[in-house]
Amino acid sequence: MADAFEAEIGELAGQINQQMARIREAYGELSAMEHTACSVDGMVSVTVGRHGQMRGIELNPRVYRTLSPSQLADTIMHEVNKATAAVSEQSKQLLQPLMPESLPYEEIFGERAMLDAFLPGPVEPNP
């Protein structure tokens, strides 16, 4: 009886460790996640990271002849918002399958969430 119980505990510990490894791997992918959005006319291209931080802006040299400063600012903001929305959706698609049904995605992987703050270390069965 004790052997069956220990085997069950060992199996559960293995499952927990596998799930935690999948979560840590997905979280690592998040840190490298980015998205580039390009304006319809191809004049403005922006790249943002997972939390909307700017990683790059590319402007076609002709943009200064075709857009006023306020139009250029509006175009950049529009592309930043598009890229941020896309990378946010990519993040959600990556992590949603790993989430318990009772925990909202934003609570766990929102802007200020830290993975190690709520995940325990590996589970080890007692010998």
Side-chain angles (χ1 to χ4, degrees):
M1 188 84 145
D3 290 338
F5 178 73
E6 287 180 18
E8 181 72 21
I9 294 296
E11 183 179 328
L12 290 173
Q15 290 174 7
I16 289 169
N17 289 336
Q18 287 175 347
Q19 183 69 357
M20 287 175 46
R22 285 193 294 267
I23 291 171
R24 289 184 194 285
E25 180 181 319
Y27 203 77
E29 289 179 37
L30 286 176
S31 64
M33 192 174 283
E34 64 181 29
H35 185 82
T36 300
C38 188
S39 62
V40 175
D41 61 7
M43 294 289 187
V44 176
S45 169
V46 299
T47 301
V48 300
R50 176 174 175 249
H51 294 295
Q53 71 275 27
M54 294 292 297
R55 292 194 175 165
I57 299 176
E58 291 186 31
L59 303 175
N60 184 306
R62 295 183 323 227
V63 76
Y64 302 111
R65 289 178 267 166
T66 59
L67 297 177
S68 70
S70 62
Q71 289 173 318
L72 178 57
D74 288 345
T75 300
I76 290 171
M77 288 303 299
H78 179 75
E79 297 311 315
V80 166
N81 290 336
K82 273 187 0 188
T84 301
V87 80
S88 178
E89 183 59 28
Q90 290 171 359
S91 298
K92 191 172 186 175
Q93 293 300 317
L94 176 68
L95 297 174
Q96 196 73 41
L98 302 173
M99 298 294 298
E101 290 181 22
S102 62
L103 289 174
Y105 170 85
E106 289 76 20
E107 222 175 272
I108 302 299
F109 295 104
E111 188 172 323
R112 293 187 180 8
M114 297 297 292
L115 181 65
D116 289 331
F118 55 88
L119 279 182
V123 177
E124 299 289 333
N126 288 333

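The residues of the chain are indexed from 1 along the displayed sequence. Everything numeric here is computed off the predicted structure, so don't read it as measured data.
For S68, the side-chain contact (heavy atoms from CB on, under 4.5 Å) test picks out S70, Q71, with sequence neighbours left out. Looking at residues two or more places apart in sequence or on another chain, you find no side-chain contact (heavy atoms from CB on, under 4.5 Å) involving A21. Contacts of E34 classified as salt bridge (Lys or Arg N to Asp or Glu O under 4.0 Å), with partners at least two apart in sequence or in another chain: R55. Shown here are the side-chain hydrogen bond (donor to acceptor under 3.5 Å, both in side chains) partners of T47, two or more places apart in sequence or in another chain: T36. Considering only residues two or more places apart in sequence or on other chains, A26 meets the side-chain contact (heavy atoms from CB on, under 4.5 Å) condition with L94, L95, L98.
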Throw together a table of side-chain donor-acceptor distances under 3.5 angstrom for residues 76-83, partners on residues two or more places apart or in other chains.
from: E79; atom 1: OE1; to: K82; atom 2: NZ; distance (Å): 3.0
from: N81; atom 1: ND2; to: M77; atom 2: O; distance (Å): 3.3

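Rounding to the nearest 0.5 Å gives a distance of 11.0 Å between CG of N17 and CZ of R22. Put simply, CG on L67 and CG on L59 are 9.5 Å apart, with the number rounded to the nearest 0.5 Å. Distance CD/Q96 to OG/S91: 11.5 Å, rounded to 0.5 Å.
Between L30 and the choices E25, Q90, H51, R50, the side-chain contact (heavy atoms from CB on, under 4.5 Å) rule is met once, by R50.
In summary, the side chains of Q15 and Q19 do not present any donor paired with an acceptor at a separation below 3.5 Å, with no hydrogens or angles considered.
The two residues M43 and S39 come nearest to each other via the heavy atoms N-OG, 3.2 Å.
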